[in-house]
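Below you'll find the structure, written out as structure tokens, and then a few comments.
Letters go in sequence order (proteins before strands), and every chain restarts at 1.
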Amino acid sequence: MTDPTNTEIAAALDQLGDLYELDGAVIHRIVAYRNGAKAAREASTSVSQLAREGRATELPGIGSTLQEKILALAETGEIPALEKLRAKFPPGLVEMTKLPGLGPKRARRLYEELQIDSLASLRAAAQEERIRALSGFGAKAEEQLLAALDAYEASGPQTRTVLNKALAVGEELLQAIREHPATVRAEFAGSARRMAESVKDLDIVATASDPAALARAAVELAQVEAASNPGENAVRLRTHAGLNVDLRIVEPDQFGNVLQHLTGSKEHNVALRDFAVRRGLHISEYGVLDDATGITHRCPTEQEVYALLGMAYIEPELRENRGELEAALEGKLPELITLADLKGDLHAHTTASDGTASIEEMALAAKGFGYEYLAITDHSASMGFGADVSDDQLRRQIELVRRADVEIDGIKLLAGSEVNIFPDGLLDYPDELLAELDWVVASVHTSFRMNAKEMTERVIAAIEHPYVDCIGHLTGRKIEQRRAYELDFEAVAAAAARTGTMLEINANPDRRDLNELHARAASAAGVQIVINTDAHRVGGFAVARYGVATARRAWLTPGQIANTRPWAEFAPLRCRVRHESGS
DNA sequence: GCCGTTTTCGGCCCGACTGTTTTCAGTCG
């Protein structure tokens, strides 16, 4: 049988955690399963394989017991403890705990005392006012359960907003808050500050000369559709797009504590506080309490919070409990790449395929964005976007790019293509035509539903092609829309490292593909990474920030990103150069 | 269930909010 993927292992461990929680296990055991699930989900190699070798325990949070369970899943397809718990609790019971306000303890009482085992039976019981008979429940609880059921059935489990959509309105709102006369300082916190792929809501932390006045004024801003009653130092806003924004206004001497607390992530904060406790310190949003002195240190800046723990400042993008605390202690945090480090873009479209601007317009836009070089990479013939670029049209396009390169000063233009990888691994243009190009991105755009083995062979065939410089948006995922297709990432990264083929971080905020975990693992495996915007219009280069954000969340430095180099240094990195020179 | 420059056993983050309570358990972020 085929080994379970890391995602499947993580799901099984998460389920075990949920079911043990219903079963009333001590919280630390439940947390251990959830930590194990996180470790499996984020591992850069096959966890089943590690378990077979007895090395899964090297992952933080996986000990011998979890390794045994993973091994059982790999060898028999099931985990006995999980099957036993599934038999004990109906699946509807787990679903009930997804309702806000209903946790495992209360759900289990509803099941045992009223035989409620599904959303439907829960609704019936609440409507018939049978729940209020239980001690600890009242009429209010029934009311809230019915409201939660309505909300859940109307829109399903909570949806998240892709980061650029949240920032589009959020940055306007932040700017408006900053411009208010009472505001001294205002910053994003939360997952938006960490530049996560998507957000549940936005958090803004501010200091103000008159907090209550700022809270009242925020309610009246043009971006705000509705709001809670503004308090003395907090208000919840809802934008016209339905995004919730929490504004917290704090004392300046606690700004660092609150910003750190609300920036999270939860996992980072839990690990940070755990670390602090071992040193006699207690971190909260109000300060850092020192057991030895009884003094609570209030921190105007986050730097002071981390300094009190003897750590270097940790950039928000790294705060995911992926080793940043240990690195900060040892002074081994990476010098992360910034937007200003990018020198060129190697994936952009024009009207020759599905872009909206000419070669010249895109060149000038890229130059205006500060780039020194740009590859024009329209879709190959089989793509079917607008005007197909046939072989002859590509030859003509090459001429046009070369001419524009001569005519436009201050930016190097490369004649390229985004070539389709067919299901059999072959490319859309003949080799002799590909050989004429300066740069070739190969991408999968069709037949996503192949199995992992076939898809891996398909992509590796392209990686091994002598004229392919780079693989575009490797996994095909669209954030909150479309899952990544099945692929053996380790094998792909190994092939890319072996051949010198680059892997792209596609900066389109709906893609961010490679994702941060893949990008980190690929770079560690020796793969050269490029950050490309895949721009389809002159404004398209602006999304580079999201590609940079993914690279930062992948711990990457400028040296690990090929297109931080000027063209003279980048050009020899292309694997085709080595192919052509016969090495 | 995991883990160890105080531990192989005994710890394991912090606080707010809510409804149902007469001091707190459960839930959430």
Point to revise | Anti/syn call for dT7(B), syn if |chi| within 90° | key: syn
Check your understanding: Say you draw a straight line from CG of Leu289(A) to CD1 of Ile295(A); how long is it, rounded to the nearest 0.5 Å?
Key -> 9.5 Å
Point to revise | Inter-nucleotide P distance (dT20(B), dG26(B)), Å rounded | key: 14 Å
Review point. Which is true for Leu289(A) with a 4.0 Å heavy-atom rule: it touches a base, it touches only sugar-phosphate, or it touches nothing?
Key: nothing
Practice item. Please determine if a side-chain N or O atom of Tyr286(A) lies less than 4.0 Å away from the OP1 or OP2 oxygen of dC13(B). Key: no
Practice item. Describe the nucleic acid contact of Ile27(A) in one word from base, sugar-phosphate, nothing, applying a heavy-atom distance below 4.0 Å. Key: nothing
Study note, to complete from the structure: Here the distance between atom P of dG10(B) and atom CG of Asp274(A), to the nearest Å, is 19 Å
Revision key, fill the gap. Comparing Thr97(A) with Arg29(A), nearest DNA chain B nucleotide closer to 5' gives the residue Arg29(A)
Review point. Which is true for Ala141(A) with a 4.0 Å heavy-atom rule: it touches a base, it touches only sugar-phosphate, or it touches nothing?
Key: sugar-phosphate
Check your understanding: Reckon Gln144(A) has a side-chain N or O less than 4.0 Å from the OP1 or OP2 of dT18(B)?
Key -> no
Revision key, fill the gap. Regarding the side chain of Ala32(A), the nearest nucleotide among dA16(B), dT20(B), dC2(B) is dC2(B)
Check your understanding: Can a salt bridge be assigned to the pair Glu516(A) and Arg520(A) using a cut-off of 4.0 Å between side-chain N and carboxylate O?
Key -> no
Check your understanding: From dC13(B), dG1(B), dT7(B), pick the nucleotide closest to the side chain of Lys69(A)?
Key -> dG1(B)
Revision key, fill the gap. Looking only at dC13(B), dA16(B), dT7(B), the nucleotide nearest the Lys266(A) side chain is dC13(B)
Review point. Considering only side-chain heavy atoms of Arg278(A), which listed nucleotide, dT7(B), dG1(B), dC13(B), is closest?
Key: dT7(B)
Review point. Less than 4.0 Å between a side-chain N and a carboxylate O, is that true for Arg545(A) and Glu171(A)?
Key: yes
Check your understanding: Any salt bridge between Asp18(A) and Arg34(A), counting N to O under 4.0 Å?
Key -> yes
Point to revise | Rounded interatomic separation in angstrom, taking CD from Glu142(A) and C1' from dT18(B) | key: 16 Å
**Study point:** Ionic contact status for Arg185(A) with Glu187(A), cut-off 4.0 Å
**Key:** yes
Practice item. Please state how far atom CG in Leu202(A) lies from atom P in dG29(B), giving the value in whole angstrom units. Key: 16 Å
Study note, to complete from the structure: Which of dC28(B), dC12(B), dA16(B) is nearest the side chain of Pro100(A)? It is dC28(B)
Exercise for review: Using the P atom on both, measure dC17(B) against dC12(B) and round to a whole Å.
Suggested key: 25 Å
Review point. In whole angstroms, how far is the P atom of dC14(B) from the CG atom of Leu272(A)?
Key: 10 Å
Exercise for review: Answer with base, sugar-phosphate or nothing: what part of the nucleic acid does Leu262(A) contact at a heavy-atom distance below 4.0 Å?
Suggested key: nothing
Exercise for review: Write down the distance separating the P atoms in dT23(B) and dC28(B), rounded off to the nearest Å.
Suggested key: 25 Å
Point to revise | Interatomic distance where NE2 belongs to His282(A) and P belongs to dC13(B) [whole Å] | key: 11 Å
Review point. Expressed in whole Å, how much space separates the P atoms belonging to dT21(B) and dC13(B)?
Key: 30 Å
Revision key, fill the gap. From CG of Asn35(A) across to P of dC2(B) the rounded distance in Å is 10 Å
Review point. When you compare dT8(B) with dG4(B), how far apart are their P atoms, in angstrom units rounded to a whole number?
Key: 13 Å
Check your understanding: Looking at dT27(B), dT20(B), dC14(B), which one has an atom nearest to any side-chain atom of Pro104(A)?
Key -> dT27(B)
Check your understanding: Is the distance from OP1 or OP2 of dC14(B) to the nearest side-chain N or O of His261(A) less than 4.0 Å?
Key -> no
Study note, to complete from the structure: Among the nucleotides dT20(B), dT27(B), dG1(B), whichever has the atom closest to the side chain of Lys140(A) is dT20(B)
Practice item. Using a heavy-atom cut-off of under 4.0 Å over every strand shown, decide if Val277(A) touches base, sugar-phosphate, or nothing. Key: sugar-phosphate
Review point. Does dT8(B) have a Watson-Crick or wobble partner in any strand here, with both distances under 3.5 angstrom, and which is it?
Key: none
**Study point:** Separation of atom CG in Leu16(A) from atom C1' in dG1(B), rounded to whole Å
**Key:** 11 Å
Exercise for review: From the options dA16(B), dG26(B), dC13(B), select the nucleotide whose nearest atom is closest to the side chain of Arg106(A).
Suggested key: dG26(B)
Exercise for review: Provide, to the nearest angstrom, the distance between the CG atom belonging to Leu66(A) and the P atom belonging to dG1(B).
Suggested key: 8 Å
Review point. Is it the case that more than 12 heavy atoms not belonging to Glu83(A) sit under 6.0 Å from its CD atom?
Key: yes
Review point. How about Arg483(A): does its CZ atom have over 12 heavy atoms from other parts shown lying under 6.0 Å from it?
Key: no
Review point. Glu304(A) and Asn257(A): side-chain donor and acceptor closer than 3.5 Å?
Key: no
Check your understanding: Looking at Ser135(A), does any N or O in its side chain come under 4.0 Å of the phosphate oxygens OP1/OP2 on dT20(B)?
Key -> no
Check your understanding: Pick the nucleotide of DNA chain B nearest each of Val270(A) and Glu285(A); which residue has the one closer to the 5' end?
Key -> Val270(A)
Study note, to complete from the structure: Per atom distances to the Ser284(A) side chain, the nearest of dG19(B), dG26(B), dG15(B) is dG15(B)
Check your understanding: Looking only at atom P, what distance separates dG11(B) and dT18(B), rounded to whole Å?
Key -> 34 Å
Exercise for review: Quote, to the nearest angstrom, the C1' distance that separates dC2(B) from dT7(B).
Suggested key: 13 Å
Check your understanding: For Ile30(A), which contact category applies under a 4.0 Å heavy-atom criterion: base, sugar-phosphate, or nothing?
Key -> nothing
